[in-house]
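Below, chain A is the first sequence line, B the second, and so on; all start at residue 1.
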2 protein chains.
Amino acid sequence: MPQFRNPADHPLIRKLQSSFELSDHERAAVLALPIQSVEIRANQDIAREGDRPGRSCVILRGITRTYKMTRDGKRQIMAFHMPGDMPDLQSLHLKVLDSSLGTVSACRIGFIPHDAIRDLCDSNSGLAAALWRTTLVDASIFREWVVNVGRRDGYQRIAHIMCEILVRMREVGLTDDHSCPMPISQTELADATGLSAVHANRVIQDLRADGLIVLKGGMFTALDWPALKAAAAFDPTYLHLGEGRASD
Amino acid sequence: MPQFRNPADHPLIRKLQSSFELSDHERAAVLALPIQSVEIRANQDIAREGDRPGRSCVILRGITRTYKMTRDGKRQIMAFHMPGDMPDLQSLHLKVLDSSLGTVSACRIGFIPHDAIRDLCDSNSGLAAALWRTTLVDASIFREWVVNVGRRDGYQRIAHIMCEILVRMREVGLTDDHSCPMPISQTELADATGLSAVHANRVIQDLRADGLIVLKGGMFTALDWPALKAAAAFDPTYLHLGEGRASD
DNA sequence: CGAGCTTTTGATCCGAGTCAATCTTCGTGG
DNA sequence: CCACGAAGATTGACTCGGATCAAAAGCTCG
């Protein structure tokens, strides 16, 4: 069980602390969770629609996606997940998985038995609330994605998702100024925005031509962050980051 | 404070019991919540994006919608809510409302202070889990809506949302066979499916012409339920209704 | 009974999908 | 170190679902 020198470096602790003050006792309780850590290659399913998992996972490294396939073979990605996220935490209370979960990049994934999480929640209502809250933020992001896909054109959609990814990457310390690694393919961006891969590509070229982004070699840079945000009509409120403080 | 003869008639109790077994003690605890009940006309906001509410609401009668307006004045509805639903329960843990909530039809709404809900959750982890679960089902519905709007054409989208509404209406006892009241306007259906009102209307006429639905006089009937489900590729798994049992 | 929605219809236009081919990139094995 | 194959990115040509605009017709309710 590979560990982190400083508990605060553990992605899950980091995540929970970003919104809740954790006591030493609570931190210890989280670190005491039995986590089975596994390395998974890129583009592999972690769990599938219809499964009835007895555990949830936490992302320790890498990026994953939640998606569904439609009858006629189209794919819709509903979410990307960053280190610290628990992408299938909902299975703690919803028996059947309603969507599939897979890796985007190569990942290190930690699996935690539901029983352990339930015990934790039963014995500590503060941690229960913290975990609950993370699922509420996920839901808020889904709502924004409904708006993105339902009411914005291709240019805005791609701009918006790039904004979101950058801000969330920053939250987990993976950005360098306005740049971050971008293991997500254009096809995946298309499937996340309800566009075809061809059109997504054209829109990306437009964003480049307009000097808003650089996207190449697995790296993304928001060349002109204010302009990109404006093009996307991006308002990060829905991410509910550090809600007490002001932030950009 | 108008009450229900039988506690099991209380929409909130009903809702929680549909997935969790409640003990007498838990039922009593829920009924003891201080609920301020208010009558609200159709088409009125209950809470707005940006608000920081100190209470959440439960729908006692009528239908509400969660929505956002985009910069350029377009509206996207992200959810409809039925009696028993708590459409802004997320505000218990997310300080700022990221979307607006308003009535579709005239409604009776019960307001419950966050403090009361928090106390309930702190003292009863089972009820906390039950409430948490309702927000997880909401999230699952958002995911399905992303798919609906992102990867289905207009005909399927409208068919799908009609299926969802009928099934959820049935869940709360508002259907008569395959019919239910339908206070939702075509414009609202359009805003919920990412279509224009004109196109939504045309699609609805197609569904009528194909003998799948009847929609008039504030009433909806699924004339040919199997065919409607098939046209929508509707799989109710995502609603997580009575998950132990089989259901149609 | 009239104002204001909601629903409907017609005409026109465009964003985005589809199909098909080519070009890049990159990991892998020889 | 390079050839090869597979996946990802790009380009061009063509088509179409659905948006927009405009106006008429039905409803509902104060």
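A salt bridge links A/Asp85 with A/Arg168: the distance from a Lys NZ or Arg NE/NH1/NH2 to an Asp or Glu carboxylate oxygen falls below 4.0 Å. A salt bridge links A/Arg143 with B/Asp98: at least one charged nitrogen is closer than 4.0 Å to a carboxylate oxygen. Note on A/Asp51 versus A/Arg48: no salt bridge recorded, every NZ/NE/NH1/NH2 to OD/OE distance being 4.0 Å or above.
Following rounding to the nearest Å, B/Ile204 (CD1) and C/dT9 (P) show an atom-to-atom distance of 12 Å. When rounded to the nearest whole Å, the span between CD of A/Gln205 and P of C/dA16 equals 15 Å. Atom pair B/Asp206:CG and C/dT7:P shows a separation of 16 Å (rounding to whole Å applied). Between the CD1 atom of A/Ile158 and the P atom of C/dA16 there is a distance of 10 Å, rounded to whole Å. In this structure, A/Lys216 atom NZ and D/dT10 atom P are separated by 11 Å, rounded to whole Å. The CG-P distance, from A/Asp153 to C/dG17, rounds to 11 Å in whole Å. The CG-P distance, from B/Asp72 to D/dA19, rounds to 14 Å in whole Å. The interatomic distance linking B/Gln186 (CD) with D/dG18 (P) rounds to 16 Å, in whole Å.
Between the side chain of B/Ser100 and the backbone N or O of B/Glu49 there is at least one donor-acceptor pair closer than 3.5 Å.
Rounded to 10 degrees, the angle separating the terminal helix axes of the helix from C/dC1-D/dG30 to C/dG30-D/dC1, each built from five base pairs, is 50°.
Of the residues near DNA chain C, A/Gly218 and A/Arg152, the one whose nearest nucleotide (by heavy atom distance) lies more toward the 5' end is A/Arg152.
Taking the ring axis of A/Phe111 as reference, the NZ or CZ atom of A/Arg55 stays within 45° of it and closer than 6.0 Å to the ring centre.
If you check every strand for non-hydrogen atoms under 4.0 Å, B/Arg208 touches sugar and phosphate atoms only.
Applying the ring pair (Phe, Tyr, Trp, His ring centres under 6.0 Å) test to every pair with at least one member in residues 44-72 of chain B, sequence neighbours left out, gives no pairs at all. The list of ring pair (Phe, Tyr, Trp, His ring centres under 6.0 Å) pairs with a residue in residues 172-198 of chain A, not counting sequence neighbours, reads A/His178-A/Trp225.
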**Request:** Start with the C-alpha gap between B/Ile204 and B/Leu215, add the side-chain angles, then the distance that decides, and say whether side chain to side chain contact (heavy atoms under 4.5 Å, CB included) holds.
**Result:** CA-CA 8 Å; B/Ile204 287 167; B/Leu215 186 57; 4.0 Å; yes

**Message:** Between B/Glu144 and A/Lys68, is the side chain to side chain contact (heavy atoms under 4.5 Å, CB included) condition met? List the steps.
**Reply:** CA-CA 9 Å; B/Glu144 185 64 32; A/Lys68 287 190 197 187; 2.4 Å; yes

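Within a heavy-atom distance below 4.0 Å of DNA chain D, the residues of residues 189-202 of chain B found are B/Gly194, B/Leu195, B/Ser196, B/Val198, B/His199, B/Arg202.
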**Prompt:** What string of B, S and - do you get for nucleotides 25-30 of chain D 5' to 3' if you count protein non-hydrogen atoms under 4.0 Å?
**Reply:** ------

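With B/Arg151 as the fixed residue, the side-chain hydrogen bond (donor to acceptor under 3.5 Å, both in side chains) test singles out one of A/Asp191, A/Thr70, A/Asp72: A/Asp191.
With sequence neighbours excluded, the residues satisfying ring pair (Phe, Tyr, Trp, His ring centres under 6.0 Å) with B/His160 are B/Phe234, B/Tyr238.
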